[in-house]
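Report on the structure given below.
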2 protein chains.
Amino acid sequence: MSNRLNTLQNKPLRERVVETLRDAILTGELKPGEALVETDLAAQLGISRAPLREALQQLSAEGLIETIAYHGSRVKELTRKDVEELYSLRTMYETFAARRIIQNGSADAAKRLHDIYEQMLDASNAGDIRLLNMIDRSFHDAIIELSDHSLLRFSWSHVSLRVRQVMALSNRRMTSMNIIAQNHLRIAEAIASGDVDLSVRLLEEHIASAGDLIASQWDKRSTDQTPS
Amino acid sequence: MSNRLNTLQNKPLRERVVETLRDAILTGELKPGEALVETDLAAQLGISRAPLREALQQLSAEGLIETIAYHGSRVKELTRKDVEELYSLRTMYETFAARRIIQNGSADAAKRLHDIYEQMLDASNAGDIRLLNMIDRSFHDAIIELSDHSLLRFSWSHVSLRVRQVMALSNRRMTSMNIIAQNHLRIAEAIASGDVDLSVRLLEEHIASAGDLIASQWDKRSTDQTPS
DNA sequence: TAAGTGTAGACTGTCGACAACGACCCAATA
DNA sequence: TATTGGGTCGTTGTCGACAGTCTACACTTA
């Protein structure tokens with residue numbers, strides 16, 4: 001049988017709740033420090049507390065919220081040190097992945113990264129900053145993916161989520177979109193050429209500079225982006 | 001008031017269940033592939049399914065069990081590739097931590113590692129292999145701890161748990177206990193001397209060689225260590 | 001006033017029962 | 001013989017109610 005039909009999935013309530021809340025946190029709709037009261041949330045979502053609690057636990061495991069027994073949950077605070085740690089760990093993950101990609105030496109990997117760069121260029125030319133961000137994410141996801149390391153992928157997912165949160169909360173000033181695209185081209189080419197040291201250096205520069213910029217402005221960012 | 005009394009903690013049921021099950025998995029009492037049926041487990045522990053389910057979810061987040069919606073949970077299988085991934089990621093974490101320790105350059109760190117080495121030596125001389133293992137764990141935990149990186153600590157805890165599981169399941173042949181202790185001394189000294197490259201190299205050798213040994217024998221290990 | 005002691009209220013933790021789901025078997029159908 | 005449909009059973013998902021815990025604040029007592 002040809003599978004032209006998408007399997008229509010039947011997700012447990014818990015998972016849909018996770019997605020809803022996660023999205024709210026990642027977009028900054030739910031702000032760091034905000035308390036999540038089970039009774040209220042459950043009522044708001046029109047469900048019972050059981051699946052909600054399970055959802056909260058998962059978010060807690062993902063590091064997005066913080067739960068203290070008998071005291072409830074709240075969206076985790078994001079200090080400047082957290083941001084620095086996040087980007088330093090992220091750098092480590094990506095350089096590690098790049099090393100593995102080069103060691104495994106697949107030509108597909110190089111092509112895949114270059115393809116994403118070209119999408120990036122299109123988005124940049126079209127001036128679509130939202131799309132550019134999405135493609136940027138997929139570029140870095142691809143590096144992890146191509147390293148063929150499932151445990152790394154698992155660990156990455158946590159870091160990656162929180163990076164998204166940081167991006168949503170920081171009122172960053174974008175570098176020129178074309179410069180961003182060019183940076184990724186250089187990284188893709190370095191990996192394609194098999195030059196470990198260069199790849200690592202470019203990644204470190206690329207990620208660390210973004211992280212430093214965000215971290216340096218972290219404490220003086222405006223925190224009232226979504227006036228309720 | 002003098003606090004001669006230990007604070008008696010009041011853990012939720014869920015957490016005690018997590019500890020019980022985690023322990024069972026880490027010691028190999030619950031074996032990879034084994035199904036965890038909620039109804040049975042809850043009855044066995046004499047509790048309701050709600051806290052048990054929450055415990056299972058946490059174990060799932062820790063990567064110790066695998067849960068498929070509507071199909072239940074089972075202890076995660078540990079393939080040879082998993083072992084290799086585990087040790088490669090572990091190496092990355094520890095070398096990253098060592099770099100940070102050296103950069104931060106605290107003398108306390110050096111002393112702390114050396115102290116642990118001396119405990120190790122005592123255990124080695126006493127021939128207490130179980131104690132030696134515990135101290136070995138604390139040495140590597142200390143490296144992570146001393147790097148002063150809470151996100152790293154968080155990520156480490158997952159990897160560290162699964163490493164323990166691997167150790168429990170592998171019927172490894174111990175290298176001489178004294179050699180192990182000596183390895184750690186060299187690492188501690190390299191970190192103390194501030195030599196990044198040497199520290200990284202020693203750590204990579206130390207961890208990778210242990211990982212390679214276990215991985216190479218993984219498929220032919222005996223799986224009937226705890227005849228029920 | 002200050003230290004300690006009882007509330008009351010809001011919240012989280014746990015329970016038992018029921019609903020929903022998926023694997024399996026077996027008969028009916030062509 | 002191969003496919004369909006329906007039913008059963010073991011299991012997971014969800015619910016509403018109740019028990020347990022913590023905080024805050026009024027209340028004693030000196």
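A, B, ... follow the sequence lines: proteins, then strands. Residue 1 opens every chain.
Put simply, the side chain of Glu66(A) never gets that close to the backbone of Arg74(A): no donor and acceptor are under 3.5 Å apart.
Contact annotation: Asn10(B) side-chain N/O to dG20(D) OP1/OP2 distance is not under 4.0 Å. Between Arg53(B) and dT12(D) there is no side-chain polar atom (N or O) within less than 4.0 angstrom of OP1 or OP2.
Applying the side-chain contact (heavy atoms from CB on, under 4.5 Å) rule to Leu213(A) yields the partners Gln217(A); only residues at least two apart in sequence or on another chain are considered. Listed by chain and residue number, nothing satisfies the ring pair (Phe, Tyr, Trp, His ring centres under 6.0 Å) test with Tyr70(B) (two or more places apart in sequence, or in another chain). Taking Asp141(A) as the reference, Trp156(A), Ser160(A) meet the side-chain contact (heavy atoms from CB on, under 4.5 Å) condition, with sequence neighbours excluded. For Thr20(B), the side-chain contact (heavy atoms from CB on, under 4.5 Å) test picks out no residue, with sequence neighbours left out.
The distance between atom CD of Gln57(B) and atom C1' of dT14(D), rounded to the nearest whole Å, is 14 Å. Between Arg14(A) atom CZ and dT12(D) atom C1' there is a gap of 9 Å when expressed in whole angstrom units. For Glu38(B) and dT11(D), the CD to P distance is 11 Å, given to the nearest whole Å. Atoms CG (Leu56(B)) and P (dT11(D)) sit 14 Å apart, rounded to a whole Å.
Leu113(A) places a side-chain heavy atom less than 4.5 Å from the side chain of Leu146(A).
Taking the six-membered ring for Trp and thresholds of 30 and 60 degrees, Phe139(A) and His184(A) have ring planes more than 60 degrees apart, a perpendicular arrangement.
At most 12 non-hydrogen atoms from other residues, nucleotides or ligands lie less than 6.0 angstrom from NZ of Lys111(B).
Of the residues in residues 58-74 of chain B, Tyr70(B), His71(B) come within less than 4.0 Å of DNA chain C through at least one heavy atom, sorted by number.
Between Arg49(A) and Lys11(A), the residue whose closest nucleotide on DNA chain D is further toward the 5' end is Lys11(A).
Between atom CD of residue Glu29(A) and atom CD of residue Glu34(A) there is a gap of 9.0 Å, rounded to the nearest 0.5 Å.
When DNA chain C is scanned in the 5' to 3' direction for atoms under 4.0 Å from non-hydrogen atoms of chain B, the outermost contacting nucleotides are dG13(C) to dA23(C).
Within the nucleic acid shown, Leu52(B) has no heavy atom closer than 4.0 Å to any nucleic acid atom. Leu36(B) comes within 4.0 angstrom of sugar-phosphate atoms only, judged by non-hydrogen atoms across all strands, and of no base.
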